[in-house]
Amino acid sequence: MSKDKNLFNCHEDHEINYVAGLYPDHQKVREFLKEKCASKEIYHSTHDKVYELIHKELGYPIPH
């Protein structure tokens with residue numbers, strides 16, 4: 001996906017919902033993303049980096 005290289009925008013709910021929607025337990029992923037945005041851990045991260053963090057910390061496969 002070409003969007004994967006774009007920066008993830010924590011201030012856009014639709015972007016959080018989009019990424020969360022790629023996973024079976026989208027509510028858990030949504031809460032995870034909100035938490036990581038609040039801590040600034042994924043601030044200025046690409047979508048690829050966000051997917052890698054979800055994989056590393058939650059164990060979900062990286063979406064294709």
Side-chain angles (χ1 to χ4, degrees):
M1 287 185 232
S2 62
K3 188 173 187 162
D4 296 347
K5 304 289 182 225
N6 293 346
L7 288 179
F8 181 78
N9 187 343
C10 282
H11 301 293
E12 297 289 338
D13 263 350
H14 70 87
E15 201 152 333
I16 291 170
N17 292 335
Y18 167 77
V19 171
L22 297 173
Y23 296 90
D25 191 349
H26 52 270
Q27 187 59 38
K28 182 176 181 176
V29 174
R30 190 176 194 290
E31 289 169 14
F32 176 80
L33 292 173
K34 289 282 198 181
E35 188 179 293
K36 296 302 179 183
C37 283
S39 71
K40 303 251 189 264
E41 191 170 336
I42 57 176
Y43 191 70
H44 284 301
S45 291
T46 62
H47 280 243
D48 278 339
K49 294 293 182 196
V50 171
Y51 299 146
E52 288 172 17
L53 187 66
I54 292 168
H55 177 67
K56 180 180 156 199
E57 295 199 16
L58 297 180
Y60 295 131
I62 295 172
H64 298 287

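Scope of the values below: all heavy atoms of this structure, side chains included, with no hydrogens, waters or symmetry mates.
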Taking the side chain as everything from C-beta on, heavy atoms only, tell me whether I62 gets closer than 4.5 Å to D48. no
To the nearest 0.5 Å, how far apart are OG1 in T46 and CG in N6? 9.0 Å
Under 30°, 30 to 60°, or over 60°: which ring-plane class applies to F8 and H47, parallel, tilted or perpendicular? perpendicular
So which atom in V29 and which in A20 form the shortest heavy-atom distance, rounded to 0.1 Å? CG1-CA, 3.8 Å
Joint cluster assignment, Y51 & L58, ILVMFWY side-chain distance < 4.5 Å: yes
Checking D25 now: which residues fulfil salt bridge (charged side-chain N to carboxylate O under 4.0 Å, His left out) with it, not counting sequence neighbours? none
Minimum heavy-atom separation for C37 and I42, please, with both atom names. SG-CD1, 3.7 Å
Can you tell me how far the NZ atom of K49 sits from the NE2 atom of H44, to the nearest 0.5 Å? 15.5 Å
Who pairs with E31 by side-chain hydrogen bond (donor to acceptor under 3.5 Å, both in side chains), at least two apart in sequence or on another chain? Q27
Of Y60, F32, Y18, which is the lone residue that meets ring-ring contact (aromatic ring centres under 6.0 Å, His included) with Y23? Y60
State, to 0.1 Å, how close L22 and P63 come at their nearest heavy-atom pair, and which atoms those are. CD1-CG, 3.8 Å
My understanding is that only residues two or more places apart in sequence, or in another chain, count here; which of them pass side-chain contact (heavy atoms from CB on, under 4.5 Å) with E35? none
Rounded to the nearest 0.5 Å, what separation is found between the NZ atom of K36 and the SG atom of C10? 11.5 Å
Correct closest heavy-atom pair for N17 and R30 would be OD1-NE, 2.6 Å
Please round to the nearest 0.5 Å and tell me the distance separating atom CD1 of I16 and atom NE2 of H11. 9.5 Å
